[in-house]
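In what follows, every chain begins at residue 1, and chains take the letters A, B, ... in the order their sequences are listed.
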There are 2 protein chains.
Amino acid sequence: MAQRNLPPVTPAGFQVLLALAGGRAHGYGIMGFVGEITGGSVQLGPGTLYRTLARLAADGLVQEAPGMSEDEPHDARRRYYQLTDLGRQVAVREAELLERLTAAAVDAGLLDGQARTA
Amino acid sequence: MAQRNLPPVTPAGFQVLLALAGGRAHGYGIMGFVGEITGGSVQLGPGTLYRTLARLAADGLVQEAPGMSEDEPHDARRRYYQLTDLGRQVAVREAELLERLTAAAVDAGLLDGQARTA
DNA sequence: TCGGATATATCCATCTCGGATACAACGAGA
DNA sequence: TCTCGTTGTATCCGAGATGGATATATCCGA
């Protein structure tokens, strides 16, 4: 269980943390990722995205990462980010909250309560 | 699957819909319910609560319900609310989004991916 | 080399949130 | 029945978050 005095995050902040939990990514990629996993129902605009990244970085939840990669073509414009240890702790805490809310939705009959891990 | 042209809801709005999915409730009770199922990590203030209820009612997602009940003592101050059909559809859609995000969190290694239905 | 797509960044109006405040009605006890 | 603390609803306000528009620079294919 997480739950200490970790800093709070906004909804958009959690989306970014979740996108980065799978590995480092750059801003534009995060936008696409969020749109994908939410089926398009959540779409971060550039304003929200870069402001959120700046805040998360200032709070020590994410940090810029070296951009070298093998498979992907090098693009000097891209700035890659990755989770810090603190950022991962916060992401875990928020994920646990999500899980609790999902369970409550199942209890309330809003969901069937079976399918998992797409 | 839900997903038509249902109106959007704010995070606070979904908390209220979730609270009402289990049956009708009054404002003060909703506040307590939200605090409970989130382990205290989400707490709606009165400002957010009543503003949210008014907006949900204006959008046709909830409606005021007759307050007669057997077990509970009658209290003329209380105003009970319940989900409309539309409100339930929206709640289902949001719950499905939650489920998808939870699954993504499992995939990203933030959650173990077992325990359910507290 | 030209143009469209990619990528980052900032600005602005609008909306949302939570706390403070106000006030009315309830119940218990003297 | 009178008083008082609690319950319950409602509004107001400042602070902060959102998303869309805009600007600018770089990459890549034709």
Just how far, in rounded Å, is [atom2] of [N] from [atom1] of [X]?
{"X": "B/Asp75", "N": "C/dG27", "atom1": "CG", "atom2": "C1'", "answer": "10 Å"}
{"X": "B/Leu44", "N": "C/dG18", "atom1": "CG", "atom2": "P", "answer": "6 Å"}
{"X": "B/Met31", "N": "D/dT6", "atom1": "CE", "atom2": "C1'", "answer": "13 Å"}
{"X": "A/Arg79", "N": "C/dT10", "atom1": "CZ", "atom2": "C1'", "answer": "14 Å"}
{"X": "B/Tyr50", "N": "C/dG19", "atom1": "OH", "atom2": "P", "answer": "15 Å"}
{"X": "B/Gln43", "N": "C/dG19", "atom1": "CD", "atom2": "C1'", "answer": "12 Å"}
{"X": "B/Phe14", "N": "C/dC17", "atom1": "CZ", "atom2": "P", "answer": "14 Å"}
{"X": "A/Tyr28", "N": "D/dA25", "atom1": "OH", "atom2": "P", "answer": "18 Å"}

Rounded to the nearest 0.5 Å, what separates atom [atom1] in [X] from atom [atom2] in [Y]?
{"X": "B/Glu96", "Y": "A/Leu111", "atom1": "CD", "atom2": "CG", "answer": "6.5 Å"}
{"X": "A/Thr102", "Y": "A/Arg100", "atom1": "OG1", "atom2": "CZ", "answer": "11.5 Å"}
{"X": "B/Leu97", "Y": "B/Phe14", "atom1": "CG", "atom2": "CZ", "answer": "8.5 Å"}
{"X": "A/Leu61", "Y": "A/Asp85", "atom1": "CG", "atom2": "CG", "answer": "11.5 Å"}
{"X": "B/Tyr81", "Y": "B/Leu17", "atom1": "OH", "atom2": "CG", "answer": "13.5 Å"}

### Side-chain-base donor-acceptor pair under 3.5 Å for A/Arg51 and D/dG16
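Answer no: no donor N or O sits under 3.5 Å from an acceptor.
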### Message
Is it the case that the base of D/dG16 and the side chain of A/Arg55 share a donor-acceptor contact (distance under 3.5 Å, atom types as modelled)?
### Response
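No.
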Selected nucleotide, minimal atom distance to [X] side chain, candidates [options]:
{"X": "A/Tyr81", "options": "D/dG8, C/dA9, D/dT11", "result": "C/dA9"}
{"X": "B/Ala12", "options": "C/dA9, C/dC17, D/dT18", "result": "C/dC17"}
{"X": "B/Thr48", "options": "D/dA21, D/dT11, C/dG18", "result": "C/dG18"}

### Message
If you compare every side-chain N and O of B/Thr10 against the phosphate oxygens of C/dC15 (OP1, OP2), does one of them come in below 4.0 Å?
### Response
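Indeed not, no polar side-chain atom of B/Thr10 lies that close.
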### Pairing partner (Watson-Crick or G-U wobble, both distances under 3.5 angstrom) of D/dT26
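Base-paired to C/dA5.
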### Message
So A/Gly27, base contact, sugar-phosphate only, or nothing? Heavy-atom distance under 4.0 Å.
### Response
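Counting heavy atoms under 4.0 Å across all strands, the contact made by A/Gly27 is with sugar-phosphate only.
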### Query
Base, sugar-phosphate alone, or nothing: which one does A/Ala76 contact when heavy atoms must sit under 4.0 Å apart?
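Answer is sugar-phosphate: A/Ala76 comes under 4.0 Å of backbone atoms only.
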